[in-house]
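What follows is a short report on a single structure.
One is the number of the first residue; the rest follow in order along the sequence.
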Amino acid sequence: MIHRRGPARWVTTADLILVGVTAAEWVPPDADIDQLRSAAVGCKGCELWEPATQVVFSAGNPRAPMMLVGEQPGDAEDRQGIPFVGPAGKLLQRALADAGVEVGDVYVTNAVKHFRFTERGKRRIHATPQVAHIQACRPWLEAELTVVDPALTVCLGATAARSLLGAGFRVTQQRGQLLELLTPVGVRRVLATVHPSSVLRATGDERDLAYNGLVADLRVAAGAIR
């Protein structure tokens, strides 16, 4: 069953301009994924581009029935330029396999395209993106949803859910549910679950429970695209 969420709506590029922080001017119209990826290299829609090593755009099949949206690139992703190649990415790949999701059925991206971090000695420590960063990157996500037009979009964690479903959405309360989202190409299905990094932060039996919960949600997602 698909549940409608009345408060959730698609925030348009015009909304973002009113906020005053947007990457809209860097997003080429009517572009395919390769063109969007190339254009994103020059994006300066917010201040995160300057300390980051590079933009991290997306990976996977641009015609996939399932689109995974994470939070932002981490340290490993920032250095390699590819999303979900660090520890959280490896866990996600295992969870997708355990849930029966084929690699070719997935397109992977993030709500925020540059790594936000604080420096601690020689280490770069993850810092959660602010609302302004989510808003600034929204035109990129709009463009990706338009091109990929997935049958199901999976939000991995609170930042991705906030970007697509609004600030009032709570992953802990509504995870694993098939909802409806108004996208640039019409109403499409969306499902939220935890970010794989939250599984890695758990310890002992709690980690096993968290991992099994993630796999269970992804099985719902796998069933939705079949």
Side-chain angles (χ1 to χ4, degrees), residues 33 36-37 40-41 43 46-62 64 66-99 101-130 133-134 136-137 140-141 144 148 150 153-164 171 175 191-204 206-218 221-222:
I33 292 298
L36 289 171
R37 185 177 291 113
V41 172
C43 182
C46 73
E47 83 284 0
L48 295 185
W49 71 272
E50 193 165 10
T53 303
Q54 59 191 316
V55 69
V56 181
F57 197 73
S58 68
N61 179 8
M66 184 184 301
M67 181 170 172
L68 300 178
V69 182
E71 180 191 78
Q72 67 166 358
D75 184 74
E77 290 78 10
D78 174 74
R79 297 181 191 280
Q80 297 185 43
I82 305 171
F84 286 98
V85 293
K90 291 180 173 61
L91 186 142
L92 176 61
Q93 291 171 22
R94 178 161 63 93
L96 287 167
D98 287 346
V101 179
E102 299 290 337
V103 173
D105 286 340
V106 173
Y107 172 90
V108 185
T109 189
N110 280 302
V112 175
K113 310 301 187 190
H114 285 103
F115 180 32
R116 183 171 189 247
F117 60 91
T118 57
E119 292 185 304
R120 190 176 299 167
K122 294 183 178 180
R123 298 178 62 200
R124 301 190 302 172
I125 307 301
H126 167 277
T128 302
Q130 296 178 339
H133 304 132
I134 298 170
C137 266
W140 292 115
L141 198 53
E144 289 175 279
V148 180
T153 300
V154 177
C155 299
L156 299 170
T159 296
R162 186 178 299 115
S163 177
L164 289 176
V171 174
R175 60 178 296 179
L191 177 147
T193 186
V194 297
H195 195 282
S197 63
S198 69
V199 178
L200 292 176
R201 289 193 296 270
T203 57
E206 291 298 321
R207 177 176 290 191
D208 291 338
L209 288 171
Y211 178 78
N212 292 336
L214 173 60
V215 172
D217 291 343
L218 292 175

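Here the side chains of L36 and W140 are in contact, with some heavy-atom distance below 4.5 Å. For the pair E77/I82, no side-chain contact is recorded, criterion being any heavy-atom separation below 4.5 Å from C-beta on. P51 has its side chain within reach of F117: a pair of non-hydrogen atoms, C-beta onward, lies under 4.5 Å apart. Residues P87 and K90 fail the side-chain proximity criterion, which asks for heavy atoms closer than 4.5 Å. Between S163 and L141 the shortest side-chain heavy-atom distance falls below 4.5 Å. Looking at heavy atoms from C-beta onward, I134 lies in side-chain contact with V112 at the 4.5 angstrom threshold. Inter-residue side-chain proximity for T53 and R124 is flagged as met; some heavy-atom pair is nearer than 4.5 Å.
Summarising the local packing, CD of E102 is surrounded by 12 or fewer heavy atoms from other residues, nucleotides or ligands at distances under 6.0 Å.
For V171 against A192, the heavy-atom pair with the smallest separation is CG2-CB, 4.4 Å. Scanning all heavy atoms of the two residues, the minimum distance from A88 to L200 falls at N-CD1, 3.5 Å. The two residues V194 and R175 come nearest to each other via the heavy atoms CG1-NH1, 3.6 Å. The minimum heavy-atom distance linking A95 with L218 is given by the pair CB-CD1, 3.8 Å. Of all heavy-atom pairs spanning V108 and P83, the tightest one is O-CG, 4.0 Å. Scanning all heavy atoms of the two residues, the minimum distance from A222 to M66 falls at N-CE, 4.0 Å.
Looking at Q54, its side chain does come within 3.5 Å of a backbone N or O of R79 through a donor-acceptor pair. Although no hydrogens or angles enter the test, the distance criterion places a donor-acceptor pair under 3.5 Å between the side chain of T109 and the main chain of F57.
When each of R116, H133, K113 is paired with C46, the side chain to side chain contact (heavy atoms under 4.5 Å, CB included) condition holds for H133 and for no other. For the side chain to side chain contact (heavy atoms under 4.5 Å, CB included) test with L214, the passing option among L209, V199, D98, L96 is V199; the others fail.
Expressed to the nearest 0.5 Å, how far CD of E144 lies from SG of C137 amounts to 9.0 Å. Remark: Y107 OH to S58 OG distance equals 3.0 Å, nearest 0.5 Å. Residue Q72 holds its CD atom at 4.0 Å from NE2 of H126, rounded to the nearest 0.5 Å. A distance of 12.5 Å separates CD in E71 from SG in C155, rounded to the nearest 0.5 Å. The CG atom of N61 sits 12.5 Å away from the CE atom of M67 when rounded to the nearest 0.5 Å. Rounding to the nearest 0.5 Å gives a distance of 10.5 Å between CG of L68 and OG1 of T193.
Ring geometry for F84 versus H195: interplanar angle under 30°, hence parallel rather than tilted (30 to 60°).
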Self-check item: From CA spacing to verdict: side-chain contact (heavy atoms from CB on, under 4.5 Å), E119, I125
Solution: CA-CA 6 Å; E119 292 185 304; I125 307 301; over 6 Å; no
